[in-house]
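As the structure lists them, so they are numbered: ligands from 1, and atoms in each ligand from 1. Computed from a predicted model, the values in this text were never measured in an experiment.
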Amino acid sequence: MSLNFQFPENFWWGSAASATQTEGSANGSKGKDIWDHWYQTEPHRFFEGIGPNQTSDFFNHYKEDIQNMKAAGHNSFRMSISWSRLIPGGMGKVNPEAVTFYNQVIDELIANNIEPFINLFHFDMPLELQEMGGWENRTVIDAYTNYAKVAFHHFGDRVKKWFTFNEPIVPVEGGYLYDFHYPNIVNFRKAIQVAYHTMIAHAKAVQAYHEDQDGKIGIILNLTPSYPRSQNPADLKAAHICDLFFNRSFLDPAIKGAYPEDLIQLLTEHDHLPVTVSGDQELIKANKIDLLGVNYYQPRRVKAKDSLPNPNSPFMPDWFFDNYEMPGRNMNPYRGWEIYEKGIYDIMINLKENYDNIESFISENGMGVQDEERFLKNGRIEDDYRIDFIKGHLKWLHKAIEEKCNVKGYHLWTFMDNWSWLNAYKNRYGFFSVNIETQERTAKKSASWFAELAKQHGFND
Ligand code: BG6
């Protein structure tokens with residue numbers, strides 16, 4: 001039977017998750033990271049007061065979870081290592097218990113024909129390093145490079161796809177501009193420094209990997225296409241600046257080995273260039289990625305500013321644009337994010353045309369829904385909305401592949417319902433629901449639909 005939407009036979013089907021969101025930070029021995037600390041100091045910030053201590057208990061349930069992944073058709077799975085578990089405090093001695101744990105997970109995945117993709121940093125700075133200034137401090141770059149080498153050394157024999165960072169712009173936005181991550185600073189100068197040092201840390205990890213290992217290494221970026229309200233030059237300019245700040249600030253150095261000239265010019269004009277040291281430029285240039293992970297949830301719609309920014313307010317990216325609420329947009333009302341499936345295609349065409357058609361995959365895409373128990377029927381959540389969401393995006397991804405975009409896979413966010421930072425368990429994203437009292441996992445309808453999709457390498461619609 002031929003399918004309308006046939007994907008290549010070796011396409012990567014799977015899902016993604018992160019250490020802090022799944023392992024349970026109270027499990028096993030582990031140093032503190034910023035989430036443990038923030039939850040202790042300001043628990044009211046977290047939805048229903050739920051913190052990172054237990055989450056979905058992957059630490060104790062990984063065997064069952066990997067069987068479930070297999071049942072849901074996974075041939076690959078992306079997880080992250082918790083830096084503060086592997087090296088409590090972020091620097092110094094390696095925790096042998098963590099080495100054993102990650103070895104067991106990796107081996108179990110491989111034994112079940114699921115390729116592990118490993119990410120080194122998913123928003124979870126070790127607390128001691130944050131107390132030294134986090135990414136503001138170049139000593140933290142050295143600590144990260146050492147951590148990356150430790151991880152390559154222990155797991156690189158079996159793991160052949162590595163990622164330096166997941167969505168590195170998010171800790172910059174959350175921690176240094178918009179107050180939704182610790183350390184809750186609002187300071188553009190610091191934000192730029194943090195972003196820049198993250199990129200230096202990235203380049204050093206890529207360098208260390210290429211010197212010593214034989215797989216592929218990349219970065220995972222949340223690419224949010226910036227669509228202007230109109231073709232009016234002021235709207236176009238607003239969208240261009242947004243793109244520079246939120247996409248190209250990481251995309252260009254990671255793939256092209258250099259920052260966009262327009263971004264440098266803009267920061268120069270406003271006297272906000274980061275502090276650099278000699279050799280940085282060459283380092284970035286010499287250490288480009290092999291593989292790009294693309295997280296795509298929602299587009300960004302922008303317009304020229306309706307009024308001039310208040311000169312007494314702190315300098316912000318938003319000095320250059322207003323967000324545009326396009327009439328008639330299709331919303332996921334629970335998460336408050338627009339659903340725009342074609343965005344995935346536009347991203348791929350951009351990568352093909354402007355980024356040398358770099359090898360990529362969709363490393364996250366997904367739909368968070370509140371109170372999913374409403375859709376329970378005979379003990380199973382009938383999440384047809386999630387299946388439609390995935391299909392809608394896959395159709396556009398299929399078109400991108402037909403047009404020769406170099407995209408190799410699709411991973412859903414996420415495998416099982418997990419702890420979503422400040423939103424805790426408010427919006428559920430998984431193929432499997434999790435009862436957080438009993439830790440019981442139950443497959444949703446999307447799990448069996450996805451298994452069929454992966455088996456046939458495509459679907460009919
Ligand atoms: C991505 C992150 O930004 O989106 C995940 O990599 C996150 O860690 C996911 O959980 C969904 O966003 P949220 O805020 O609903 O958890």
Worksheet entry | Check: F415 ring centre within less than 6.0 Å of Y429 ring centre | no

Practice prompt. If you have a sec, work out which protein heavy atom is nearest atom 9 (C) of ligand 1 and how many Å separate them, to one decimal?
Written response: Y297 OH, 3.5 Å

Worksheet item: Among protein heavy atoms, which lies nearest atom 3 (O) of ligand 1, and at what distance?
Response: E167 OE1, 2.6 Å

Item to complete: Not counting sequence neighbours, which residues clear side-chain hydrogen bond (donor to acceptor under 3.5 Å, both in side chains) with E64? List them please.
Response: H61

Item to complete: List the closest protein heavy-atom neighbour of atom 11 (C) of ligand 1: residue, atom name, distance to the nearest 0.1 Å.
Response: Y429 OH, 3.3 Å

Worksheet item: Can you tell me the protein heavy atom closest to atom 14 (O) of ligand 1 and the distance?
Response: R335 NH2, 2.8 Å

Practice prompt. Verify whether one side chain among K444 and S433 offers a donor that lies under 3.5 Å from an acceptor in the other.
Written response: no

Worksheet item: Do I390 and I387 have side-chain heavy atoms sitting under 4.5 Å apart?
Response: no

Fill in: contact_flag W337 ligand 1 heavy-atom lt 4.0 Å
yes

Item to complete: Run the ring-centre check on F77 versus F117 and record whether the distance is less than 6.0 Å.
Response: no

Item to complete: Please confirm whether Y196 and W135 have ring centers closer than 6.0 angstrom.
Response: no

Item to complete: Run the contact test for K426 against ligand 1 with a 4.0 Å cut-off on heavy atoms, strictly below, and give the result.
Response: no

Discussion item. Which residues pass the side-chain hydrogen bond (donor to acceptor under 3.5 Å, both in side chains) test with Y39, not counting sequence neighbours?
Written reply: none

Item to complete: Would you mind checking which non-hydrogen protein atom is closest to atom 10 (O) of ligand 1, with the distance to 0.1 Å?
Response: Q21 NE2, 3.0 Å

Worksheet item: Does F361 have its ring centroid less than 6.0 Å away from the ring centroid of Y410?
Response: no

Worksheet item: By number and element, which atoms of ligand 1 are closer than 4.0 Å to a non-hydrogen atom of H122?
Response: 2 (C), 5 (C), 6 (O), 8 (O)

Practice prompt. Check each atom of ligand 1 against the heavy atoms of N166 and keep those under 4.0 Å away; list them by number with element.
Written response: 6 (O)

Worksheet item: At what distance is the nearest protein heavy atom to atom 2 (C) of ligand 1, and which residue and atom is it?
Response: E364 OE1, 3.4 Å

Item to complete: Specify side chain, backbone, both or neither for N427, according to which of its non-hydrogen atoms lie closer than 4.0 Å to ligand 1.
Response: neither

Worksheet item: To which protein heavy atom is atom 16 (O) of ligand 1 closest, and what is the distance rounded to 0.1 Å?
Response: S420 OG, 2.6 Å

